[in-house]
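Report on the structure given below.
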Amino acid sequence: QVQLVESGGGLVQAGGSLRLSCALSGRSLSNFAMGWFRQAPGTERKFVAIISWSGNSTHYADPVKGRFTISRDDAQNTVYLQMNSLKPEDTAVYYCAADQGAFLSSDSGVYDYWGQGTQVTVSS
C-alpha cells in the first residue's frame with residue numbers, strides 16, 4: 001500500500017524559506033511522477049510543481065516560478081519542495097501526490113496517491 005507523508009510546513013515571515021519533504025512508502029519512488037499542490041481556505045486545490053520519473057523534467061505554476069524548486073531523491077524515496085521568497089499568498093495546505101501514469105500532468109484528477117498535507121503559513 002502506497003503512503004505519502006509530508007513534513008516541513010510551518011509559520012514563516014514573508015521573504016523567508018521553507019523546505020517541504022514528502023516520503024513515499026510501499027513502492028519505489030522511481031515508479032511515479034511526483035507533484036505538489038496547495039489549497040488555501042475556501043479555494044480549490046491548485047497545481048504547484050511536478051517532477052518527472054527521471055527528475056530531468058520539471059514544471060511550475062506561474063505564481064511560484066523562480067521561487068520554488070521541486071526535486072527528488074529516489075534513494076531516500078523522498079520528494080522535496082524548496083520554497084524561497086515566500087509571500088503571504090503562498091499560505092495554504094501543501095499536498096504531495098504520486099502519478100503512475102504515462103504523462104506529466106498538472107491535473108490533480110490524474111494522481112493516484114495523496115498525502116495528508118502540511119500547513120504553510122506566511123505572515124506579512
Side-chain angles (χ1 to χ4, degrees):
Q1 181 178 359
V2 174
Q3 289 188 321
L4 299 171
V5 178
E6 302 98 334
S7 61
L11 174 63
V12 63
Q13 288 188 331
S17 298
L18 284 173
R19 188 177 81 153
L20 305 183
S21 299
C22 173
L24 184 148
S25 62
R27 287 183 64 185
S28 172
L29 186 69
S30 61
N31 290 312
F32 301 99
M34 298 297 295
W36 284 97
F37 294 78
R38 66 186 182 185
Q39 187 169 19
T43 69
E44 295 181 347
R45 192 170 298 186
K46 296 180 181 177
F47 168 74
V48 174
I50 185 173
I51 187 165
S52 65
W53 303 263
S54 67
N56 291 335
S57 181
T58 58
H59 299 283
Y60 298 91
D62 286 344
V64 307
K65 282 181 180 177
R67 300 188 298 122
F68 290 12
T69 303
I70 188 171
S71 62
R72 62 190 295 154
D73 184 343
D74 286 3
Q76 298 295 323
N77 249 30
T78 301
V79 64
Y80 303 97
L81 186 68
Q82 178 67 43
M83 306 186 295
N84 298 329
S85 302
L86 282 161
K87 305 175 181 180
E89 51 263 44
D90 294 318
T91 295
V93 177
Y94 283 71
Y95 298 89
C96 70
D99 176 19
Q100 56 189 359
F103 304 100
L104 294 183
S105 177
S106 60
D107 179 357
S108 62
V110 308
Y111 284 76
D112 302 288
Y113 304 99
W114 290 85
Q116 82 290 347
T118 186
Q119 176 70 47
V120 171
T121 303
V122 184
S123 63
S124 57

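Between Gly101 and Asp112, the closest heavy-atom pair is N-OD2, 4.3 Å. Among all heavy-atom pairs drawn from Val120 and Gly9, the shortest one is CG2-CA, 4.1 Å. Residues Asp107 and Gly109 share a closest heavy-atom pair of OD1-N, 2.8 Å.
Follow the hydrophobic side-chain contacts under 4.5 Å out from Tyr113 and you never reach Tyr80; the two are in separate clusters. A continuous path of ILVMFWY side-chain contacts below 4.5 Å connects Leu81 to Leu86, so both sit in one hydrophobic cluster.
Residues satisfying the ring-ring contact (aromatic ring centres under 6.0 Å, His included) test with Tyr60, not counting sequence neighbours, are none. Under the ring-ring contact (aromatic ring centres under 6.0 Å, His included) criterion, Phe68 pairs with no residue at all, not counting sequence neighbours.
To the nearest 0.5 Å, atom OG of residue Ser30 and atom CG of residue Asn77 are 7.5 Å apart. With values rounded to the nearest 0.5 angstrom, Lys65 atom NZ is found 10.0 Å from Thr58 atom OG1. Interatomic distance, Leu4 CG to Leu24 CG, rounded to the nearest 0.5 Å: 5.0 Å. To the nearest 0.5 Å, atoms CD (Gln119) and CD (Glu6) are separated by 12.0 Å. Between the OG atom in Ser108 and the NZ atom in Lys46 there is a gap of 12.0 Å [rounded to 0.5 Å].
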Side chains of residues 13-21: which donor-acceptor partners sit under 3.5 Å, not counting sequence neighbours?
unit_1	atom_1	unit_2	atom_2	d
Ser17	OG	Asn84	OD1	2.9

Original post:
When you look at Val93 and Thr118, which way does the side-chain contact (heavy atoms from CB on, under 4.5 Å) test go after all the steps?
Top reply: CA-CA 5 Å; Val93 177; Thr118 186; 6.0 Å; no
Original post:
Could you walk me through whether Ile70 and Val79 pass the side-chain contact (heavy atoms from CB on, under 4.5 Å) check?
Top reply: CA-CA 7 Å; Ile70 188 171; Val79 64; 4.0 Å; yes
Subject >> Chi angles and distances behind the side-chain contact (heavy atoms from CB on, under 4.5 Å) call for Arg72, Met34 >> reply: CA-CA 8 Å; Arg72 62 190 295 154; Met34 298 297 295; 4.1 Å; yes
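The disulfide (SG to SG under 2.5 Å) pairs that include a residue from residues 17-124 are Cys22-Cys96, where partners are two or more places apart or lie in different chains. Within the structure, side chain to side chain donor-acceptor pair (under 3.5 Å) contacts touching residues 91-103 (residues at least two apart or in different chains) are Arg27-Gln100, Arg38-Tyr94. Within the structure, disulfide (SG to SG under 2.5 Å) pairs that include any residue of residues 30-73 do not occur (at least two apart or interchain).
Side chains of Ser57 and Leu104 form a contact here, defined as non-hydrogen atoms less than 4.5 Å apart. Within the 4.5 Å cutoff, the side chain of Tyr111 has heavy atoms near those of the Ile50 side chain. Between Leu29 and Trp53 the shortest side-chain heavy-atom distance does not fall below 4.5 Å. Under the 4.5 Å side-chain criterion, counting only non-hydrogen atoms from C-beta, Met83 is not in contact with Arg67. Two residues are said to be in side-chain contact when any heavy atoms from C-beta on lie closer than 4.5 Å; Phe32 and Val2 meet this criterion.
At distances below 3.5 Å, not a single donor-acceptor pair connects side-chain atoms of Ser28 with backbone N or O atoms of Asn31.
The aromatic rings of Trp114 and Phe37 sit tilted, their planes meeting at an angle between 30° and 60°.
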